[in-house]
S.K.: 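Following this message is one structure expressed as structure tokens.
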There are 2 protein chains.
Amino acid sequence: MLLTVGELARRCGLTVRALHHYDAIGLLRPSSRSAAGYRLYGQADVERLHRIQALRQLGLPLADIGAALSGPQRPLAEVVERQIAQIDRQAAEAARLRERLVRLRAQLAAGQSPDLADWLDTLELMTMYEKYFTPEELKTLPLHTDPDVLPEWSALVTAVRAAMERGATPDDPDAQLLALRWMDLVGRGTGDNPAFLMRLRAMNENEPGLRERSGLTPGLERFVEQAMISARLAIFARYLQPHEMERMRAHYGKQMHAWPELIAELRGALADRVPANDPRVQAMARRWMELFRAYAGDDPATHARIREAYAKEPELRSGSAVDDALLGYVREALASSGARH
Amino acid sequence: MLLTVGELARRCGLTVRALHHYDAIGLLRPSSRSAAGYRLYGQADVERLHRIQALRQLGLPLADIGAALSGPQRPLAEVVERQIAQIDRQAAEAARLRERLVRLRAQLAAGQSPDLADWLDTLELMTMYEKYFTPEELKTLPLHTDPDVLPEWSALVTAVRAAMERGATPDDPDAQLLALRWMDLVGRGTGDNPAFLMRLRAMNENEPGLRERSGLTPGLERFVEQAMISARLAIFARYLQPHEMERMRAHYGKQMHAWPELIAELRGALADRVPANDPRVQAMARRWMELFRAYAGDDPATHARIREAYAKEPELRSGSAVDDALLGYVREALASSGARH
DNA sequence: GCTAAGGGCTCACGTTACGTGAGGGTCAAG
DNA sequence: CTTGACCCTCACGTAACGTGAGCCCTTAGC
């Protein structure tokens with residue numbers, strides 16, 4: 001059973017214009033059109049709309065919703081679960097605000113004038129009730145697709161800080177464990193979307209105040225980064241030979257900040273169904289090989305061993321937003337451009 | 001104790017930019033500035049901000065909030081009371097949505113696929129939870145300052161329709177009672193703001209579909225209007241002489257649709273602190289006298305009797321948004337223009 | 001078959017409520 | 001005196017649609 005745009009709008013309490021807009025920005029495209037060109041929405045579309053609305057009600061901008069929905073999808077059951085948690089949390093905020101208002105009412109009824117702090121406290125609670133995430137939370141972390149990640153994130157930051165304070169080095173095993181957990185959390189928190197990762201970095205560079213409040217100080221970030229490199233090199237060491245490991249140690253972390261942007265671009269092209277033989281995609285794939293060769297060298301045998309490590313050790317890719325589809329895309333682009341790989 | 005804009009923003013969870021914006025549009029002006037030009041907000045400002053936020057959370061646009069707050073103010077206790085009612089209503093919506101989501105979750109957990117209607121129902125409940133008023137409610141009636149008015153309004157429309165169906169005429173006492181209640185409700189619903197009344201009329205003229213759904217058919221509106229005229233003439237009859245009543249009967253209702261616009265303009269000028277001797281205000285005042293004389297004639301004795309009736313019978317002014325301050329303003333403008341009154 | 005009403009299409013300008021950045025002044029602590 | 005945080009005004013830009021125009025499509029009733 002397919003719905004026209006007006007029917008869907010009516011049924012959901014949205015407007016036709018909003019649905020047009022979602023189509024125009026690629027957020028929710030109807031799965032088919034009638035012979036007359038009418039948009040026709042089916043069950044899968046409605047399910048996707050449910051995801052969209054759930055994220056919208058968290059306060060996420062549409063562009064971010066699109067980004068979040070471009071990665072691997074969580075089961076709908078999880079989406080629904082999180083909505084229930086959201087409602088429960090908002091019920092708690094509502095109870096607090098209500099209590100506050102009842103108190104205010106009592107004061108006013110008794111002919112007392114509430115003081116400034118009373119009004120300000122009330123206003124604050126009103127704002128908290130209105131928005132699921134504070135502007136700060138929305139900005140501190142683009143980790144909105146899973147609100148459960150926030151407390152986990154804080155706990156991890158605390159754990160990393162504690163490790164630093166007791167003098168741990170990035171090579172310590174527990175530091176490495178923390179780093180792996182960090183990457184896993186980043187992956188989960190960003191829906192495996194590198195655009196969010198880039199934004200996190202930009203935010204950290206530009207806003208010292210927010211940086212301090214989130215706990216993501218440059219020192220902590222560097223520490224985690226080094227620990228992550230160290231952890232991954234330890235994994236590679238199980239696959240590579242000593243002279244190969246020497247090169248890895250020298251080069252592995254050198255251009256790691258260039259990867260997220262490239263990955264984001266490639267994922268965009270893949271999502272836009274740009275053919276792998278498109279010159280732009282080919283250029284990106286070549287750039288990919290440059291970055292790869294910067295730490296892997298040119299020996300095909302080394303490449304094969306590294307690939308084996310990547311295939312067998314999920315932790316090497318955790319948080320990097322590189323999946324098999326993307327790898328296939330890069331391979332196809334390279335094959336069509338005649339580049340060696 | 002005065003707050004700077006940043007302090008207020010932080011305390012309330014708003015942004016400095018929003019407060020700048022509210023200042024710029026005249027919605028919330030700081031009661032003072034420091035010598036350096038810093039905005040300084042005091043208790044009265046914060047109380048006003050509370051009113052603004054309460055209305056904002058009903059979904060009212062800022063322009064409408066400004067209009068609503070330009071009239072006589074309801075006690076803060078009533079504002080708070082209505083907020084409590086809002087929270088309670090939203091709690092009911094939350095419970096419905098939660099129940100729906102729990103059911104959906106159970107289906108998904110059991111490996112069943114919810115059907116299209118399930119998803120659509122859920123999406124509808126999500127929208128209802130998100131917004132206090134539906135777009136239709138917001139548009140049907142600009143009676144947002146008191147959500148309790150909506151059900152009362154519906155009941156009144158029903159009562160008027162019933163009276164019409166049993167053949168009542170506008171001169172029947174019960175029809176007149178309904179009309180007086182109508183005007184009272186319009187006054188309360190619009191915060192005694194004629195701009196809303198004008199919008200109600202425009203909406204009724206332009207949107208037949210909405211008209212039908214709201215029950216405000218042209219026939220019903222005419223009936224109420226005639227009943228209101230009849231009710232008011234009955235009140236005037238207690239103060240005027242027979243020949244004066246003859247004139248009133250002939251002319252009283254003739255230009256009654258011109259009054260709301262004039263009143264709105266005068267109230268705007270008064271709110272903007274335009275001096276009463278300003279030529280524009282004087283022109284408005286003269287227009288006021290024209291309209292007045294159209295039903296009252298030129299006899300000062302008649303005028304005095306009509307004024308006495310207005311002073312003693314609140315029902316003659318109910319819903320008209322004319323208060324003592326406005327009358328004083330008009331009088332002052334007339335005095336400064338040397339016009340007879 | 002025709003007509004009318006309701007619904008659809010695309011296009012494009014406009015609105016609302018700020019967000020963001022620029023350039024410069026103010027305030028308080030070290 | 002310097003520095004960092006905060007304030008000012010100005011002004012362009014943004015996100016998420018709202019609104020209207022001109023035209024096509026669908027369906028029910030005559």
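Hydrogens, waters and symmetry mates play no part in the numbers below; they use all other heavy atoms, side chains included. The chains referred to below are lettered A, B, ... by the order of the sequence lines, with proteins before strands, and numbering in each begins at 1.
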S.K.: Calculate the interatomic distance between B:L14 atom CG and C:dC18 atom C1'; express it in whole Å.
M.R.: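 From B:L14 CG to C:dC18 C1': 12 Å.
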
S.K.: Using rotation axes that map the C1' atoms of four end pairs onto the next four (five pairs an end), what angle separates the end axes of the helix from C:dG1-D:dC30 to C:dG30-D:dC1, to 10°?
M.R.: 20°

S.K.: Given atom CG of B:L40 and atom P of D:dC6, what is their separation to the nearest angstrom?
M.R.: 16 Å

S.K.: Quick one: which residue pairs count as a salt bridge (Lys or Arg N to Asp or Glu O under 4.0 Å) with a foot in residues 1-13 of chain B, not counting sequence neighbours?
M.R.: A:D121-B:R11, A:E124-B:R11

S.K.: Please list all pairs meeting salt bridge (Lys or Arg N to Asp or Glu O under 4.0 Å) that have one or both residues in residues 47-56 of chain A, counting only residues at least two apart or in different chains.
M.R.: A:R56-B:E130

S.K.: Kindly write out the residues that satisfy side-chain contact (heavy atoms from CB on, under 4.5 Å) with A:E81, not counting sequence neighbours, or none if the list is empty.
M.R.: B:R105

S.K.: Could you note down all residue pairs passing salt bridge (Lys or Arg N to Asp or Glu O under 4.0 Å) where residues 26-41 of chain A supplies at least one of them, sequence neighbours left out?
M.R.: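 Residue pairs passing salt bridge (Lys or Arg N to Asp or Glu O under 4.0 Å), neighbours aside: A:D23-A:R29, A:D23-A:R33, A:D23-A:R39.
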
S.K.: Under 4.0 Å, heavy atom to any atom of DNA chain D: which of residues 42-49 of chain B qualify?
M.R.: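 When residues 42-49 of chain B is checked for heavy atoms under 4.0 Å from DNA chain D, there are no hits whatsoever.
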
S.K.: Find which nucleotide of DNA chain D each of A:A18 and A:A36 is nearest to by heavy atoms, and output the residue with the more 5' nucleotide.
M.R.: A:A18

S.K.: Would you please name every residue forming a side-chain contact (heavy atoms from CB on, under 4.5 Å) with A:E93, sequence neighbours left out?
M.R.: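 A:E93: side-chain contact (heavy atoms from CB on, under 4.5 Å) contacts with A:R96, A:M128, A:Y129.
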
S.K.: Output the rounded distance in Å from CD1 (A:I65) to P (D:dA15).
M.R.: 13 Å

S.K.: How far does CZ of A:R280 sit from CG of A:L266, to the nearest 0.5 angstrom?
M.R.: 12.0 Å

S.K.: To the nearest Å, give me how far apart NE2 (A:H21) and P (C:dA12) are.
M.R.: 17 Å

S.K.: Taking the nucleotide of DNA chain D with the nearest heavy atom to each, does A:A35 or A:L19 sit closer to the 5' end?
M.R.: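 It is A:L19, whose closest nucleotide lies nearer the 5' terminus.
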
S.K.: Give every pair of a protein N or O atom and an N or O atom of nucleotides 2-7 of chain C that lie under 3.5 Å apart, one pair per line with the distance.
M.R.:
| from | atom 1 | to | atom 2 | distance (Å) |
| --- | --- | --- | --- | --- |
| C:dG7 | N2 | A:Y38 | OH | 2.9 |

S.K.: Within this structure, what is the CG-CZ distance for the pair A:L125 and A:R100, rounded to the nearest 0.5 Å?
M.R.: 7.0 Å

S.K.: D:dA16 phosphate, OP1 or OP2: any side-chain N/O from A:Y22 under 4.0 angstrom?
M.R.: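 So the side chain of A:Y22 is outside the cut-off, no N or O lying under 4.0 Å from OP1 or OP2 of D:dA16.
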
S.K.: Does B:T15 make a side-chain N or O approach to OP1 or OP2 of C:dC18 shorter than 4.0 Å?
M.R.: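 B:T15 to C:dC18 OP1/OP2: no side-chain N or O under 4.0 Å.
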
S.K.: Going by side-chain contact (heavy atoms from CB on, under 4.5 Å), name the residues that satisfy it together with B:A44, two or more places apart in sequence or in a different chain.
M.R.: none

S.K.: Rounded to the nearest 0.5 Å, how far does CG of B:L62 lie from CG of B:L28?
M.R.: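 Spacing of CG (B:L28) from CG (B:L62) equals 11.0 Å.
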
S.K.: Could you tell me which non-hydrogen atom of A:T15 sits nearest to which non-hydrogen atom of A:A9, and how far apart they are?
M.R.: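 Of all heavy-atom pairs spanning A:T15 and A:A9, the closest is C-CB, 3.8 Å.
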
S.K.: With a cut-off of less than 4.0 Å, is there a side-chain N or O of A:R39 near OP1 or OP2 of C:dT10?
M.R.: yes

S.K.: With a 4.5 Å cut-off on side-chain heavy atoms, are B:V5 and B:L8 touching?
M.R.: no

S.K.: At under 4.0 Å, does any side-chain N or O of A:H20 touch on OP1 or OP2 of D:dC17?
M.R.: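 The answer is no; no side-chain N or O of A:H20 sits under 4.0 Å from OP1 or OP2.
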
S.K.: So, taking the atom named CG in B:L60 and the one named CD1 in B:I65, what distance separates them when rounded to the nearest 0.5 Å?
M.R.: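 B:L60 atom CG to B:I65 atom CD1 measures 5.0 Å (nearest 0.5 Å).
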
S.K.: Please give, in whole Å, the distance from C:dA17 C1' to B:L27 CG?
M.R.: 12 Å

S.K.: Nearest whole Å is fine: how far is C:dC27 P from B:L3 CG?
M.R.: 17 Å

S.K.: Enumerate all atom pairs, one protein N or O and one N or O from nucleotides 14-16 of chain C, separated by less than 3.5 Å.
M.R.:
none

S.K.: Using whole Å, what does the distance between atom P of nucleotide D:dC7 and atom OH of B:Y41 come to?
M.R.: 10 Å

S.K.: Go through D:dC7, D:dA16, C:dC18 for me and flag the one nearest to the B:V16 side chain.
M.R.: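 Closest nucleotide to the B:V16 side chain: D:dC7.
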
S.K.: Take atom CZ of A:R56 and atom C1' of D:dA16, then tell me their distance rounded to the nearest Å.
M.R.: 9 Å

S.K.: For the CG atom of A:L14 and the OG1 atom of B:T127, what is their distance to the nearest 0.5 Å?
M.R.: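 Answer for the CG-OG1 pair, A:L14 versus B:T127, is 5.0 Å.
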
S.K.: Does anything in residues 34-53 of chain A form a ring-ring contact (aromatic ring centres under 6.0 Å, His included)? List the pairs, not counting sequence neighbours.
M.R.: A:H50-B:W119

S.K.: Please enumerate all residues that pass side-chain contact (heavy atoms from CB on, under 4.5 Å) together with B:S31, with sequence neighbours excluded.
M.R.: B:D45

